[in-house]
Amino acid sequence: MPEVTQPADVLWLHLFYHDLHTALMQAKGATATEFNRAVYERLKAGGSYVIVDHAAAVGTGTSDTQSLHRIEPATVREEVEAAGFVLDAESTMLENKDDPHSIKVFDPSIKGETDRFVYRFVKP
């Protein structure tokens, strides 16, 4: 994020957070830790950091980010809270309990209907 970015009220990532753990992003020197720190620095106090992403199976952490474009929700929460954010709310409105979590999100059998998690963090 450019240093000239003005303090923001909200930063919203939609179906992107998992990419912070892919080879392409890492080859460019990006890491989730650095990204979350940059978001924290650029949000106003009380600002919201909203993340919506494709859920991976429990226990998989970041292992499916490259192959399936999924990430375990608990991993995202852990990483974002480590940057100083506090979980403010979560929603189940995009859950799909019929998603097997074992296929790529672009597979025609699940595309557009993946199990997704929604977190809203706040900067204290």
Side-chain angles (χ1 to χ4, degrees):
M1 282 186 237
E3 292 300 322
V4 295
T5 302
Q6 297 297 313
D9 293 314
V10 177
L11 188 120
W12 188 298
L13 293 183
H14 187 254
L15 308 179
F16 172 82
Y17 189 92
H18 69 273
D19 287 318
L20 296 171
H21 291 278
T22 62
L24 175 64
M25 296 299 279
Q26 292 171 355
K28 294 179 181 272
T31 68
T33 300
E34 291 171 358
F35 186 85
N36 290 329
R37 186 177 318 119
V39 171
Y40 191 89
E41 291 170 358
R42 286 161 179 81
L43 274 180
K44 294 177 184 176
S48 295
Y49 183 18
V50 179
I51 299 173
V52 179
D53 214 334
H54 306 283
V58 172
T60 59
T62 62
S63 64
D64 290 335
T65 57
Q66 187 75 40
S67 60
L68 303 180
H69 293 269
R70 297 172 178 269
I71 191 165
E72 183 178 5
T75 298
V76 174
R77 181 175 177 177
E78 180 181 303
E79 291 177 350
V80 174
E81 288 178 338
F85 289 97
V86 175
L87 182 66
D88 182 52
E90 57 186 298
S91 176
T92 59
M93 65 190 265
L94 298 177
E95 278 186 0
N96 177 359
K97 295 186 186 305
D98 295 328
D99 182 345
H101 300 107
S102 59
I103 55 178
K104 191 177 245 183
V105 301
F106 307 115
D107 187 289
S109 68
I110 199 70
K111 186 176 181 181
E113 301 294 328
T114 57
D115 182 21
R116 298 174 190 177
F117 60 92
V118 181
Y119 285 150
R120 183 178 67 208
F121 299 92
V122 69
K123 178 181 177 178

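Computation of the quantities below employed the complete heavy-atom set of this structure, encompassing side-chain atoms and omitting hydrogens, waters and symmetry-equivalent molecules. All figures in this text were calculated on a predicted structure; none of them were measured in a lab.
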*Asks:* Where the side chain of N96 meets the backbone of D115, is there a donor-acceptor pair that is under 3.5 Å apart?
*Replies:* no
*Asks:* Please round to the nearest 0.5 Å and tell me the distance separating atom CZ of R116 and atom CE of M93.
*Replies:* 11.0 Å
*Asks:* How far apart are the closest heavy atoms of Q66 and H69, and which atoms are they?
*Replies:* O-NE2, 3.8 Å
*Asks:* Taking all non-hydrogen atoms of both residues into account, name the closest pair between E81 and F121 and its distance.
*Replies:* CG-CE2, 4.2 Å
*Asks:* Of all the heavy-atom pairs spanning S109 and I103, show the shortest one and how long it is.
*Replies:* OG-CD1, 3.4 Å
*Asks:* I want to check something: taking the side chain as every heavy atom from C-beta on, are Y49 and V80 in contact at a cut-off of under 4.5 Å?
*Replies:* yes
*Asks:* Which is it for E72 and V58 under the side chain to side chain contact (heavy atoms under 4.5 Å, CB included) test, yes or no, and what are the steps along the way?
*Replies:* CA-CA 6 Å; E72 183 178 5; V58 172; 3.9 Å; yes
*Asks:* F85 versus K123: any side-chain heavy-atom pair under 4.5 Å?
*Replies:* yes
*Asks:* Is there a path of hydrophobic side-chain contacts, each under 4.5 Å between heavy atoms of I/L/V/M/F/W/Y residues, joining L15 to W12?
*Replies:* yes
*Asks:* Kindly compute the distance separating NZ (K28) from OG1 (T22), expressed to the nearest 0.5 Å.
*Replies:* 10.0 Å
*Asks:* Rounded at 0.5 Å granularity, tell me how far CD in E90 sits from CZ in F117.
*Replies:* 10.5 Å
*Asks:* Is the side chain of T31 donor-acceptor paired with the backbone N or O of E34 at a distance under 3.5 Å, no angle test?
*Replies:* yes
*Asks:* Should E79 and I51 count as side-chain neighbours, where that means a heavy-atom distance under 4.5 Å?
*Replies:* no
*Asks:* Check the pair L11 / R42 against side chain to side chain contact (heavy atoms under 4.5 Å, CB included), numbers first and verdict last.
*Replies:* CA-CA 9 Å; L11 188 120; R42 286 161 179 81; over 6 Å; no
*Asks:* State the CG-OG1 distance between D53 and T75, to the nearest 0.5 angstrom.
*Replies:* 11.5 Å
*Asks:* Of all heavy-atom pairs between Y40 and P124, which one has the smallest distance, and what is that distance?
*Replies:* OH-CD, 4.0 Å
*Asks:* When hydrophobic residues are tied together by side-chain contacts of less than 4.5 Å, even through go-betweens, does M25 share a cluster with I71?
*Replies:* yes
*Asks:* Is atom CD of Q26 surrounded by more than 12 heavy atoms (other residues, nucleotides or ligands) closer than 6.0 Å?
*Replies:* yes
*Asks:* Would you mind reporting whether V52 and L94 have side-chain heavy atoms less than 4.5 Å apart?
*Replies:* yes
*Asks:* So if you build clusters from Ile, Leu, Val, Met, Phe, Trp, Tyr with side-chain heavy-atom gaps below 4.5 Å, do V86 and F35 land together?
*Replies:* no
*Asks:* Looking at every heavy atom in both A55 and H101, which two are closest together, and how far apart are they?
*Replies:* O-CD2, 3.1 Å
*Asks:* Give the cluster check for V10 versus V39: same hydrophobic cluster or not, with ILVMFWY residues linked at side-chain heavy-atom distances below 4.5 Å.
*Replies:* no
*Asks:* Can you give me the closest heavy-atom contact between Y17 and A32, atom names plus distance?
*Replies:* OH-CB, 3.6 Å
*Asks:* Check each of D99, T60, D64 against R70 using the side-chain hydrogen bond (donor to acceptor under 3.5 Å, both in side chains) test, and report the only one that passes.
*Replies:* D99
